[in-house]
Amino acid sequence: DRSCENSGSDNAADDTSTTTTAAPPTTLTTQPAPAETLTIANNPELAALLEGSDCGDPVAAFADKYRGRNIEFDGNIAHVAPHDGAQTRYDLLVYAGDYSETTAKGPSFQFRDVGTSDLHLTGPNIPDSVDQGTNIHIVAEVGEFIDVSCLFLLRPVSTQLR
């Protein structure tokens, strides 16, 4: 029987011979650099989106163009609803800027079917839960825009109270 650990020869007379095998050529593969997170400082389209209307073609075009990319902005949790009646999973409506009971900026973003741990809370003040009216700093992955409900889906990457 031979095993993977056996590096010798079965024939004692062959012990003095050596075989040299050329190493296969090394090919370097480079990974593409991760795409830069989009912010209002480096992406005028995001800046316009966060100041614009909450529904329509510009929002859909942004979602299509940047799907899978990360965006970063200051926002707020405008509404918290149980996801499909669950007690620990939520749909969070998120707007740009500071919380207001009377006005909203930008699209109607949604973190859909999330628990508190899915928000990937960071920073010095990590709460056990988040509530309507909480101002947050968001890094999120761009998802789809659902035209019929005017919801722009985001996947939280990190969230910090501000």
Side-chain angles (χ1 to χ4, degrees), residues 23-162:
T26 303
T27 55
L28 297 175
T29 56
T30 57
Q31 297 293 327
E36 181 179 22
T37 297
L38 306 176
T39 67
I40 60 171
N42 68 17
N43 187 281
E45 291 171 282
L46 177 60
L49 179 80
L50 296 177
E51 290 294 328
S53 67
D54 66 344
C55 195
D57 292 337
V59 181
F62 184 92
D64 288 341
K65 181 175 182 178
Y66 293 109
R67 183 167 290 139
R69 296 279 305 269
N70 287 348
I71 59 174
E72 182 174 357
F73 64 98
D74 285 339
N76 68 83
I77 299 174
H79 186 72
V80 178
H83 178 75
D84 290 339
Q87 293 186 9
T88 59
R89 306 295 297 172
Y90 304 95
D91 295 332
L92 304 180
L93 181 64
V94 176
Y95 288 121
D98 292 338
Y99 177 74
S100 169
E101 291 182 4
T102 58
T103 62
K105 288 187 350 180
S108 296
F109 294 111
Q110 186 181 56
F111 294 154
R112 182 174 282 176
D113 189 16
V114 295
T116 304
S117 65
D118 298 315
L119 297 176
H120 306 285
L121 292 161
T122 63
N125 302 320
I126 298 176
D128 292 332
S129 64
V130 292
D131 298 312
Q132 178 178 328
T134 304
N135 288 323
I136 54 179
H137 184 78
I138 299 161
V139 177
E141 181 181 317
V142 172
E144 69 178 301
F145 176 68
I146 304 171
D147 192 37
V148 295
S149 59
C150 291
L151 289 174
F152 189 157
L153 302 183
L154 299 177
R155 186 187 61 78
V157 173
S158 69
T159 311
Q160 185 172 4
L161 297 184
R162 56 177 187 90

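In what follows, residues are counted from 1 in the order of the sequence shown.
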Sole residue of D91, L119, V130, I77 in side-chain contact (heavy atoms from CB on, under 4.5 Å) with F111 = L119
Side chains of [X] and [Y]: does their closest heavy-atom pair fall under 4.5 Å?
X	Y	answer
R89	D118	yes
L154	V94	no
P58	L49	no

Least distance between heavy atoms, [X] atom then [Y] atom:
X	Y	result
G143	A63	O-CB, 3.8 Å
G75	I138	CA-CD1, 4.1 Å
C150	S108	O-CB, 3.5 Å
R69	A35	NE-CB, 3.1 Å

More than 12 heavy atoms of other groups within 6.0 Å of I40 CD1 = no
When you check the gap from the basic side-chain N to the acidic O, do D84 and R112 get nearer than 4.0 Å?
-> no
Could you go step by step and tell me if F62 and I71 meet the side chain to side chain contact (heavy atoms under 4.5 Å, CB included) rule?
-> CA-CA 11 Å; F62 184 92; I71 59 174; 4.2 Å; yes
Is there a donor-acceptor pair under 3.5 Å between the side chain of [X] and the backbone N or O of [Y]?
X	Y	value
D74	G97	no
R162	I136	yes
D64	A61	no

Decide yes or no on side chain to side chain contact (heavy atoms under 4.5 Å, CB included) for N76 and D98, but give the supporting numbers first.
-> CA-CA 6 Å; N76 68 83; D98 292 338; 5.7 Å; no
Any chance you could measure [X], atom [atom1], to [Y], atom [atom2], to the nearest 0.5 Å?
X	Y	atom1	atom2	result
E72	T37	CD	OG1	6.0 Å
N43	K65	CG	NZ	7.0 Å
I126	H120	CD1	NE2	12.0 Å

Residue pairs involving residues 126-136 (criterion side-chain hydrogen bond (donor to acceptor under 3.5 Å, both in side chains); sequence neighbours excluded) = Y99-Q132
Tell me, which pairs form a side-chain hydrogen bond (donor to acceptor under 3.5 Å, both in side chains) where one or both residues lie in residues 139-161, sequence neighbours left out?
-> E141-R155
Test ring pair (Phe, Tyr, Trp, His ring centres under 6.0 Å) applied to F109 and Y95, F152, F145, the passing residue =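 Between F109 and the candidates, ring pair (Phe, Tyr, Trp, His ring centres under 6.0 Å) is satisfied uniquely by F152.
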